[in-house]
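Following: one structure in structure tokens, then a few remarks.
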Amino acid sequence: MIRALWFLLKVTVVIAAAIWLADRPGTVSVHWLGYAVEAPFWVALLVGLVALGIAALGYRLLRGTIRLPQRLRRHSRARRRERGYRALTQGMVAIAAGDAPTARKMARKADVLLNEPPLTMLLSAQAAQLQGDERAAKQYFTAMLERPETAFLGMRGLLTQAIKSGDRVEALTLARKARGLQPNTPWLLGTLYELEAQAGDWAAAEGTLQQAIQAGAMPTEEGRRHRAVLLLERSFEAERRGRADAALSHAQAAHDMMPGFAPAAVRLARLQVAADRLKPAAKVVERAWRHAPHPELADIYRTIVSSYDALTRVRLFQKLVRQAPDSAESHLAVAQAAIEAQLWGEARQHLNRAMEIGPTRRTYRLMAELDRGERHDEEAAKDWLAKAANAPEDPVWTCGSCGAVSHNWGGLCGHCGAFDSLTWKAPTVAVPLMEPTDIPPALARPATV
């Protein structure tokens, strides 16, 4: 609507100008070089407008002719850039598809057409990795460190290579350098934390873990468990250095953070027993038993109550049953105490209950011990032991990363070095741990009380 009104306005102006000129006739005379030209004013005006239009057209043609080479060069660069980005895209698609030859071909083509190393070096490095040429990939990643805009990408590539090759020392160095470039990157904080933990740098790992939780690199509950494990490792380290107060403080913090975590409760209770604080140690075990009954808790509880007579020990162990009445571990703990007190009926009652909940080899072995003690029945004991050989295995500390088993808990797996990977469960495939003489310092443990 506005455009139509604007057009009508222009037509009106033109018509008005034509009428105004028609009402005011006149002539224009030109004398030049002996010639005289006379024409009506409107003709002279028309000729002037035509000449002005021809001059404007000539100027545009002249300017276009002068700028033509520049426009051709610009068009050629645009076409070249378009082909380069197409090659870069095809190379990325080839990487995703696992087509190494095509990826490398497109990387070289993109490098020639684009001449933009920040874009093409990463593609070239990934193509080299896809072909298994880690040496070439490392060269590309190292070259990326020279440019500020690609330094972090190059550092990440080198870090990934170091982790893949198992060079944890180099990986830790690179991860710390990368944090200097991007200090709040979630995946980097998570990786750095794991590397510091695997290196046994518990204090540094605890600080990095706190950053990782704040950055959202891991859930809060998972972070709490990892921190409890780090605190336990710091407790062992403090004890090795003769700092008993610090060892106890770290163990207490770990237990407060995860009351149901058996290693934390066992560690704290053992340190309290060593400090002759038996009542607090008993409360620690009873509190932890409520959350997760565990045979190691029963072992330390047996140490705590060892000064009492056999009947009193049975009554104290019955506290554990009240804390977790539906756990087989509760009934096994009382049964063992009852066998030691020669309360055969009490022991059989709890062993039968443990059988109902879920028998394991330890349950059958205790039944064999009960028949030997109460009835001196070797045949019955042999039958129970035969059943034990075919019964489900007792739970042990099993690494979730490599499947290795251990009878002692540790923050690091002694077989593969994974951090916080040991869980209490029946093993599927037993993988032997390293010999004690081969255990690195980070895995060494002081003698237990």
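Just so it is clear, the structure is predicted and the values come from calculations on it, not from any experiment. The residues of the chain are indexed from 1 along the displayed sequence.
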_Using a 6.0 Å cut-off, check whether atom CG of D245 has over 12 heavy atoms from anything other than its own residue._
no

*Count the heavy atoms of every other residue, nucleotide or ligand shown that sit under 6.0 Å from CZ of R243, and state whether that count exceeds 12.*
no

From [atom1] ([X]) to [atom2] ([Y]), nearest 0.5 Å:
{"X": "I304", "Y": "R270", "atom1": "CD1", "atom2": "CZ", "answer": "9.5 Å"}
{"X": "L385", "Y": "N390", "atom1": "CG", "atom2": "CG", "answer": "11.5 Å"}
{"X": "T208", "Y": "R179", "atom1": "OG1", "atom2": "CZ", "answer": "4.5 Å"}
{"X": "Q318", "Y": "H350", "atom1": "CD", "atom2": "NE2", "answer": "5.5 Å"}

*asked:* With a 4.5 Å cut-off on side-chain heavy atoms, are E194 and F419 touching?
replied: no

*Within the side chain of T363, is there an N or O that forms a donor-acceptor pair under 3.5 Å with the backbone of T360?*
yes

*Where does the angle between the aromatic ring planes of H294 and W424 fall among parallel (under 30°), tilted (30 to 60°) and perpendicular (over 60°)?*
tilted

_Geometric class of the F152/W187 ring pair [parallel <30°, tilted 30-60°, perpendicular >60°]_ = tilted

*asked:* Under a plain distance cut-off of 3.5 Å, with no hydrogens placed, do Q323 and E286 share a side-chain donor-acceptor pair?
replied: no

*Ignoring hydrogens and angles, state whether a donor on the side chain of E356 or N352 is under 3.5 Å from an acceptor on the partner side chain.*
no

*Could you tell me which non-hydrogen atom of A324 sits nearest to which non-hydrogen atom of P293, and how far apart they are?*
CB-CG, 3.6 Å

*Indicate the atoms forming the closest heavy-atom contact of R361 with A391, along with that distance.*
NE-O, 3.2 Å

